[in-house]
Participant: 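Before I ask anything, let me first share the structure, which is written out below as structure tokens.
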Amino acid sequence: MGFLYRKLVRRILFNFNPELMHDAAIRSARVFQRLPPLTSLISLLARAKDLPVTVAGIKFKNPVGLAAGFDKNCEAARFLAGLGFGHLELGTVTLRPQPGNPKPRVFRVRESKGIINRMGFNNVGAWEAARSLEGLLPLPIPVGISLGKNADCSIEDAPRNYLEALKILYPYGNYFAVNVSSPNTLQLRRLHEAQRLRQLIEPLLAFAAGQREVKPFFVKVTPDLDATGMESVIEMAAELGFGLITTNTTVKRETVPQHWRSYEGGLSGLPLKDVSNSVLGRVAELGRGRFPIIGSGGIFDGPAALEKLTLGADLVQVYSGLVYEGPFLVKEILKYLERSNWRSRSLPV
Ligand SMILES: Cc1cc2nc3c(=O)[nH]c(=O)nc-3n(C[C@H](O)[C@H](O)[C@H](O)COP(=O)(O)O)c2cc1C
């Protein structure tokens, strides 16, 4: 199936504008998910043996999830759940709807199997996302909801902005990802700074602690943070009890041809893999198992997923790999993990 995608479907899709193709895929998924015989057929084709894992108190049927940004409006979750993922991270959703940056804002770096995007959290806002989820949940797999900051909200007001979005979306997520690492919202990454991060996270954790069901949080980090900055995030994760998602896209361009270096935005895909893995390795080493880690960045096949799990990730996520390798990538990864005898560390042997 993957072969067919790479040889035929990708060749056709790659003739068109990347964002246009993505929107068409989401629109089709919205239609398909209302046709149970079709979703059942796709689920059957995408099915692989379960590789169960428990992370942050949540049971996952396998460790491979969908990364944030693919279904920004939480509108195609039922279809996506049928592709064999162990979890979906939906969003990033902001409190109020916003259009994002001017187009074009997504570029395929084909020669390196990368993507540069500067979408800027285009999304329908928390209320509309909640309305969609109301119609789609429950799903057979856990759902994470990624939260971001509105572009017109100052960095000082960010904690309130995230908290209001969380209050609206809390009933719908099994976990929440706090996105402080998109390079496409001005000043967003300053929320990695110790004091700002604490002021952002503590109210979110306090809100969750006051609810009937206390749900876990993950902070998604940039691979571009210096070592000292990362150490302070790691220690805060251990102290306050949240997980980390390593990593979001990079603004570095050393791993792509000269031509692409002037393109603004976040780089993902194969050229991100080594950068992201070195952050993951460091986080796992300094974290010493005190908090869970989700690995994201450059997974295009089974060996790359296994590499992240071996480096210390408890779960992994894919985005660009789906674009280049097709929707049956999850099944290919799971089959590889099974063949490699991968076993989750969080399960008793
Ligand atoms: C077009 C595009 C949009 C993205 N939007 C988001 C987003 O809204 N929130 C987020 O946390 N990450 C977003 N990401 C980053 C991905 O979730 C992922 O962390 C990153 O692309 C690295 O994984 P990959 O190499 O498998 O793509 C986006 C990535 C791409 C390519």
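In each ligand, atom 1 is the first atom listed, and ligand 1 is the first ligand listed. If you're wondering where the values come from, they're calculated on a predicted model, not measured in any experiment.
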Participant: Heavy atom under 4.0 Å from ligand 1: found in Ile245's side chain, backbone, both, or neither?
Facilitator: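 Near ligand 1, Ile245 shows nothing, with every heavy atom at 4.0 Å or more.
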Participant: Using a 4.0 Å heavy-atom cut-off, which part of Lys72 comes near ligand 1: side chain, backbone, both, or neither?
Facilitator: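 Side chain only.
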Participant: In terms of heavy-atom contacts, does CZ of Arg290 have more than 12 from other residues, nucleotides or ligands at under 6.0 Å?
Facilitator: yes
Participant: Please confirm whether Lys215 makes a cation-pi placement over Tyr170, using NZ or CZ under 6.0 Å from the six-membered ring centre and within 45° of the ring normal.
Facilitator: yes
Participant: Do Leu147 and Val221 sit in the same hydrophobic cluster, where Ile, Leu, Val, Met, Phe, Trp and Tyr count as joined when their side-chain heavy atoms come under 4.5 Å apart?
Facilitator: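 Yes: a chain of side-chain contacts under 4.5 Å links Leu147 to Val221.
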Participant: Write down the atom of Ile26, the atom of Phe70, and the distance for their closest heavy-atom approach.
Facilitator: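 Looks like CD1-O, 3.4 Å.
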Participant: Are any of the N/O atoms in Lys220 less than 3.5 Å from those in ligand 1?
Facilitator: yes
Participant: Check for me whether Leu270 has a heavy atom closer than 4.0 Å to any atom of ligand 1.
Facilitator: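 Leu270 does not count as a contact of ligand 1 under the 4.0 Å cut-off.
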Participant: Closest non-hydrogen protein atom to atom 27 (O) of ligand 1, residue and atom name please, with distance?
Facilitator: Ser320 OG, 2.6 Å
Participant: Tell me which protein heavy atom sits closest to atom 26 (O) of ligand 1, plus the residue, atom name and distance to 0.1 Å.
Facilitator: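 Here the nearest protein heavy atom works out to Tyr319 N, 3.1 Å.
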Participant: Could you list the atoms of ligand 1 found under 4.0 angstrom from a heavy atom of Asn179?
Facilitator: 9 (N), 10 (C), 11 (O)
Participant: Among protein heavy atoms, which lies nearest atom 15 (C) of ligand 1, and at what distance?
Facilitator: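 The protein heavy atom lying closest is Asn248 OD1, 3.5 Å.
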Participant: Please check whether Asn117 reaches ligand 1 - meaning an N/O of the residue sits under 3.5 Å from an N/O of the ligand, judged on distance alone.
Facilitator: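 So ligand 1 has no N or O lying under 3.5 Å from an N or O of Asn117.
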Participant: How long is the straight-line distance from CG of Leu322 back to NE2 of His22, given to the nearest 0.5 Å?
Facilitator: 10.0 Å
Participant: Judged by non-hydrogen atoms, does Ser182 sit under 4.0 Å from ligand 1?
Facilitator: no
Participant: Based purely on interatomic distance, does Gly269 place a nitrogen or oxygen under 3.5 Å from a nitrogen or oxygen of ligand 1?
Facilitator: yes
Participant: Where's the contact between Thr92 and ligand 1, heavy-atom distance under 4.0 Å: side chain, backbone, both or neither?
Facilitator: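 For Thr92, the contact with ligand 1 is made by both the backbone and the side chain.
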Participant: Tell me which one of Arg118, Glu264, Met119 satisfies side-chain contact (heavy atoms from CB on, under 4.5 Å) with Asn184.
Facilitator: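 The passing option is Arg118.
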Participant: Check this for me: Glu156, atom CD, are more than 12 non-hydrogen atoms of other residues, nucleotides or ligands nearer than 6.0 Å?
Facilitator: yes
Participant: Of all the non-hydrogen atoms in the protein, which one sits nearest to atom 21 (O) of ligand 1, and at what distance?
Facilitator: Ser268 CB, 3.1 Å
Participant: Please, which pairs that meet ring-ring contact (aromatic ring centres under 6.0 Å, His included) have at least one residue in residues 244-273, sequence neighbours excluded?
Facilitator: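 For residues 244-273, and leaving out neighbouring residues, the ring-ring contact (aromatic ring centres under 6.0 Å, His included) pairs sorted by first residue read Phe107-Tyr263, His259-Tyr263, Trp260-Tyr263.
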Participant: When you measure from the centre of the six-membered ring of Tyr324, is the NZ or CZ of Arg10 closer than 6.0 Å and no more than 45° off the axis?
Facilitator: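 The answer is no; the distance or angle limit is not met.
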Participant: Pairs of nitrogen or oxygen atoms closer than 3.5 Å, one from Ala68 and one from ligand 1: do any exist?
Facilitator: yes
Participant: Within ligand 1, which atoms have a heavy atom of Gly298 less than 4.0 Å away?
Facilitator: 24 (P), 25 (O), 26 (O)
Participant: With a cut-off of 4.0 Å, which atoms of ligand 1 are near a heavy atom of Thr247?
Facilitator: 19 (O)
Participant: Report the distance from atom CZ of Arg190 to atom CG of Leu188, rounding to the nearest 0.5 Å.
Facilitator: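 Those atoms lie 11.5 Å apart.
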Participant: Any link between Phe176 and Ile201 through a network of hydrophobic side chains (Ile, Leu, Val, Met, Phe, Trp, Tyr) touching at under 4.5 Å?
Facilitator: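 Hydrophobic grouping puts Phe176 with Ile201.
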Participant: Just need the protein heavy atom nearest to atom 18 (C) of ligand 1, so name the residue and atom and give the distance.
Facilitator: Ser296 OG, 3.4 Å
Participant: In terms of atom number and element, which parts of ligand 1 are under 4.0 angstrom from non-hydrogen atoms of Gly69?
Facilitator: 4 (C), 5 (N), 6 (C), 7 (C), 8 (O)
Participant: Short N/O distance, under 3.5 Å, between Thr249 and ligand 1?
Facilitator: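 Such a contact does not occur with ligand 1.
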Participant: So, regarding Leu272 and ligand 1 (criterion: nitrogen or oxygen to nitrogen or oxygen, under 3.5 Å), is there a contact or not?
Facilitator: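 No - when backbone and side-chain N and O of Leu272 are compared with those of ligand 1, no distance drops under 3.5 Å.
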Participant: Once rounded to the nearest 0.5 Å, what's the spacing between atom OG of Ser182 and atom NZ of Lys220?
Facilitator: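 Here the interatomic distance stands at 9.0 Å.
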